[in-house]
Each structure stands twice: as structure tokens, then as C-alpha cells.
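Here the structure is laid out as C-alpha cells; the discussion comes afterwards.
What you see is a predicted model, and the numbers here were worked out from it, not measured in a lab. Any value given below was found using the heavy atoms of this structure, including those in side chains, with hydrogens, waters and symmetry copies removed.
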Amino acid sequence: MSDREDKELVKRCVKGDQKAFEALVDKYQKTVFNIIYRLIHNYDESEDLTQKVFIKVYENLDAFNSRYKFFSWLYRIAVNESLNHIKAKKRLTPLEEGYAASEKRPDETFNGKEVSERLQNAINQLNANYRTVIILKHFQNCSYSEIADIVDIPEKTVKSRLFTARQLLKDILIKEGITGHD
Amino acid sequence: MIDEKYIEWMHLAIDGKLSRKDREKLDVYLQSNAEAREFFEQLLRTVEILDHTEEIVPPDDLKQRIMSSIDFSRYAAKEQKASFAERLTEWFYRPQAKLVYAFAAGLLLGLLALSPFWFKYAQPDVTDLSGTIGVLPDNRFRTIEEIPVQTSGLAGTIEIKKYQQFISVNIHIKTINTAQLTIEFDPGLLQWNRFIPQDAEAVNLKYKSNTLTFLLSSSTEMSLFFRQLQPDARLTLRLIGDGNLVVEKTLVIE
């Protein structure tokens, strides 16, 4: 479904068409849930936040500026809600959930689920800005300019953040034994 | 030691944004610098893990939860408040409206195509008329003008009468030789629509250029009927007998 079709659905939603909003939820619920989960790393809270994001999206559909891509606008709301959630949680629990270091050695192998979980732990060690660009680039395949729109920063800053984030993640993965020195 | 420029190029190469020429330069650099080569390979492995990580599957009832938490009355109420003009505009762009446009256009074209026939029959060629047409009772008409005709070869009267918007011209003339009567009128003000008798050939009647012409022979008893379309309709009668103008009369009918 193209951005033009998304915008057509938005128009129908604003005219009171529930089916149109259902189509948008169908299309984007999984992506939004994944962005949120990768940012906050909590399954149940991701579900609540996804629900909150779609409520917010629906309530603001009439304010949506069709100059922008619908998914950029949706992802921006999802990212902002997630970052706000992280901030709020930090205030409540100053000591961030400790990262459980792996007891496995670098030469040991991991199955797909384990790698995914350990990668997520590694991503969690990045600050929120780096985490966001990594998620949008590598989990959602967004371009530099789309990330710039979503995060509302210049494209040059997107590149700089992304390159730094990758290097930091590389070092964490080596340190945690997920990838190793040759 | 790795040159910062080449580190940036490594990232651009991973994202497919490095030009071919610069990629070749990067390859040469990597071949000559083992530390840079190892750095690049580690970056590639990191990206490979990122790109091959499975998606997290959300709960099955997520969509249901979202849909049940939305207050759909928000825009439904707005829809009801849409103005009549907005709804009308929207209707004009619907596919069904195009059918209506096509039908209307077809109807208009049909009327235009038939219009010459319409005008022809609205002001018929009387030489084609024959048969019997009902006439309003004569006693309802009031006489506007009675023109006596009396010459050596002609005798009788021409009466002009009116009832509501109907005008009748009644001819009662006896002639020894053939005579000619013409009635001139403006078809925009008077519409000629019937006469008695109904056999046009019998009275040798012709209609041309807003003028009715009759050839009268022996005894003529005839009535012509007009419908008055506008007030102050002008009607001119001329009777010619034996080559002389016997009667010329112009009437303005209120």
C-alpha cells in the first residue's frame, strides 16, 4: 500500500469511516509494536504503548499534514511516546534494569532467539538517540531522509548518529561475545 | 590507525551510498591497512546481525484492543455536521453523477436534433392539412371587425372575432371570377393553427413568408383560427378581385 493510499484512508477516517482506520491498524500495528519494543524492551508495556500511539494517531488525524508521509508521522509519534516512556521510567527507577551479562563465551554459538535477545540487550546499552536511529535504519529500513523526518533532525546529524551508534554497537557485541575478533 | 574519512566511507558503503569510484579507493585502502580491514569486517558482522534479527510478534488481540479503545464518535459526529454544500460537491464527483450527466447530455442533443421538426409542426405547412378539427362554439367569440365586400364581381363579409387568446377570421364571399385573399401576420405574436374546412387543396391555400394566400372561387365559407401569443398583434388582410385591390385592412388586436 502506497503513501497515497494511506492518505486516502486518512481522509476516509476523518469522514467517520471506521473500516479505513482498521485498515491502517492492520497495516502498521506490527511495525509500531516492533519500534516500541526495540526502544523500551518490555513486551507488555509495548502493547500498552502501541495502543496509546494509535489512539493518539486517531485523535490527531484531522491535524495530519499531508505534505508528510503518513508512516513518518506515525513512526514519529511512536518514537516520541517511547522516549517519553523511557524518561518517565528513569525518573521512577533511577537504577536502570541491569543488563544480565552472558555467561557464554564468544566461541559458543547462540540460536536465533538468543541472538535476538542478546542483540536487544546490546541495543539497550546505547542511549535513546543512538537506539532510535539504529532501529529505524536496520529494523524498519528507513532512508536517511525518512529518519530525519521522523526524528526531526538534519540528515547530516542522522548520518553522524547512525555511524557512531553502529560503532558503539559493534564494540558492545564484541565485548558481549556475540561477534568476536578474527 | 584508521583515517576518519575511510571510516565514514565504510558506513556509506554499508548503506549503499558510496560511489563506485570511492568504493574502489576504499578497497585499495582496506587491502593496505589490516586494522581498517578488521574494523570494516566487524562493522559488517554487526549490520548483518541487525538486518537478520527476527521481528517481534505482537499479541494476537492487539488490533482488537486498539479498535475497542478508539472513540469513533469523534469523526462520525463531524461527518453529520458536513455542510449541504460539501455533500452536494461530493455528490457531483461520484461515479453515479456521471451517468446523470450523460443522460442529460443525450436528452439535450436529442432535443436539438428534433428542434427543426418541432418548429415545422408548430407552424405547419397547411397544404398538408386535411380532416376535421373541433372548433370552439362560435357564440363565445366577440366580433372585433366586420369588413363588408361589395363590388361588381364580389359580395360578402370578412369577420374578425376574438375569444380569450383565440382569433378567428371568418370568410363568407361569393365571387363570379377568381379572387385572391392574403392575410399577413407576425408569427411571433400570432400562431396560426387551424382552419375550416380542413381540406387545404379545396381552397387552394398557401403559406409563405408569414403570409397566407387563398384563391377564392364561386362561394367560399371558411374560418381561420389563430392563437394570440402577445398583445397588440398585427393582422393585415388584402382582397384582390379582377386585378383590383378591393380590401386592405390592418388590425391591431389587443
Side-chain angles (χ1 to χ4, degrees), chain A residues 12-18 21-22 25-26 29-34 36-38 43-44 46-48 50-55 57-59 61-62 112-113 115-116 118-120 122-123 134-135 137-139 141 143-144 159-160 162-163 166-167 169-174 178-182, chain B residues 2 4-18 34-83 86-87 90 93:
Chain A
R12 284 171 48 198
C13 290
V14 177
K15 287 178 180 173
D17 185 344
Q18 293 184 29
F21 190 70
E22 197 175 342
V25 173
D26 266 336
Q29 58 161 335
K30 195 173 178 183
T31 312
V32 169
F33 181 86
N34 269 265
I36 293 169
Y37 177 80
R38 293 295 178 191
Y43 194 88
D44 293 335
S46 297
E47 189 179 1
D48 293 341
T50 304
Q51 187 181 355
K52 192 176 171 187
V53 165
F54 277 102
I55 292 171
V57 163
Y58 186 79
E59 286 175 350
L61 277 176
D62 52 353
K113 196 174 176 184
V115 170
S116 177
R118 291 166 69 85
L119 174 69
Q120 185 58 50
I123 290 169
I134 285 281
I135 289 163
K137 179 67 190 167
H138 292 287
F139 296 134
N141 291 316
S143 66
Y144 297 151
K159 279 195 226 174
S160 156
L162 178 65
F163 298 171
R166 273 185 194 145
Q167 282 165 227
L169 192 63
K170 168 183 83 66
D171 294 341
I172 294 166
L173 292 179
I174 291 168
I178 300 169
T179 60
H181 293 281
D182 285 336
Chain B
I2 308 170
E4 283 295 322
K5 181 181 87 175
Y6 288 107
I7 291 178
E8 187 181 345
W9 281 16
M10 288 178 206
H11 286 284
L12 291 172
I14 286 168
D15 294 333
K17 300 288 180 188
L18 191 66
E35 189 187 351
R37 199 163 54 244
E38 189 185 355
F39 184 93
F40 187 47
E41 282 165 5
Q42 287 166 348
L43 263 186
L44 285 172
R45 273 201 295 276
T46 302
V47 169
E48 195 182 352
I49 289 174
L50 283 168
D51 291 346
H52 287 88
T53 303
E54 290 170 6
E55 269 193 322
I56 308 294
V57 180
D60 292 339
D61 64 345
L62 179 61
K63 178 184 159 187
Q64 197 186 337
R65 270 190 63 181
I66 293 167
M67 293 303 286
S68 62
S69 62
I70 302 282
D71 174 16
F72 285 108
S73 66
R74 182 184 182 88
Y75 297 119
K78 203 170 182 175
E79 169 70 358
Q80 284 170 0
K81 285 178 190 167
S83 70
E86 281 171 337
R87 277 181 280 139
E90 193 185 329
Y93 290 101

From B:Lys63 NZ over to A:Phe54 CZ, what is the distance, rounded to the nearest 0.5 angstrom? 11.0 Å

Evaluate the criterion side chain to side chain donor-acceptor pair (under 3.5 Å) for residue pair A:Gln51 and A:Glu47; output intermediate values, then yes/no. CA-CA 6 Å; A:Gln51 187 181 355; A:Glu47 189 179 1; over 6 Å; no

Under 6.0 Å from the CG atom of B:Asp61, do we count more than 12 heavy atoms belonging to anything else shown?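 For B:Asp61, atom CG is crowded (more than 12 foreign heavy atoms under 6.0 Å).
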
Using a 6.0 Å cut-off, check whether atom NZ of B:Lys5 has over 12 heavy atoms from anything other than its own residue. yes

What part of [X] gets closer than 4.5 Å to chain B, counting heavy atoms only: side chain, backbone, both or neither?
X        : value
A:Asp44  : neither
A:Lys52  : neither
A:Leu61  : both
A:Phe163 : both
A:Glu59  : both

What's the verdict on ring-ring contact (aromatic ring centres under 6.0 Å, His included) for B:Tyr6 and B:Phe40, showing C-alpha distance, side-chain angles and the deciding distance? CA-CA 10 Å; B:Tyr6 288 107; B:Phe40 187 47; over 10 Å; no

B:Val57, B:Asp71, B:Ile66: which one forms the most heavy-atom pairs within less than 4.5 Å of chain A?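 Counting heavy-atom pairs under 4.5 Å, the top option is B:Ile66.
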
Under a 4.5 Å cutoff for heavy-atom pairs, which residue among A:Asn34, A:Leu119, A:Val25, A:Thr50 has the most contacts with chain B?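 Counting heavy-atom pairs under 4.5 Å, the top option is A:Asn34.
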
Excluding sequence neighbours, so at least two apart, what forms side-chain contact (heavy atoms from CB on, under 4.5 Å) with A:Asn141? none

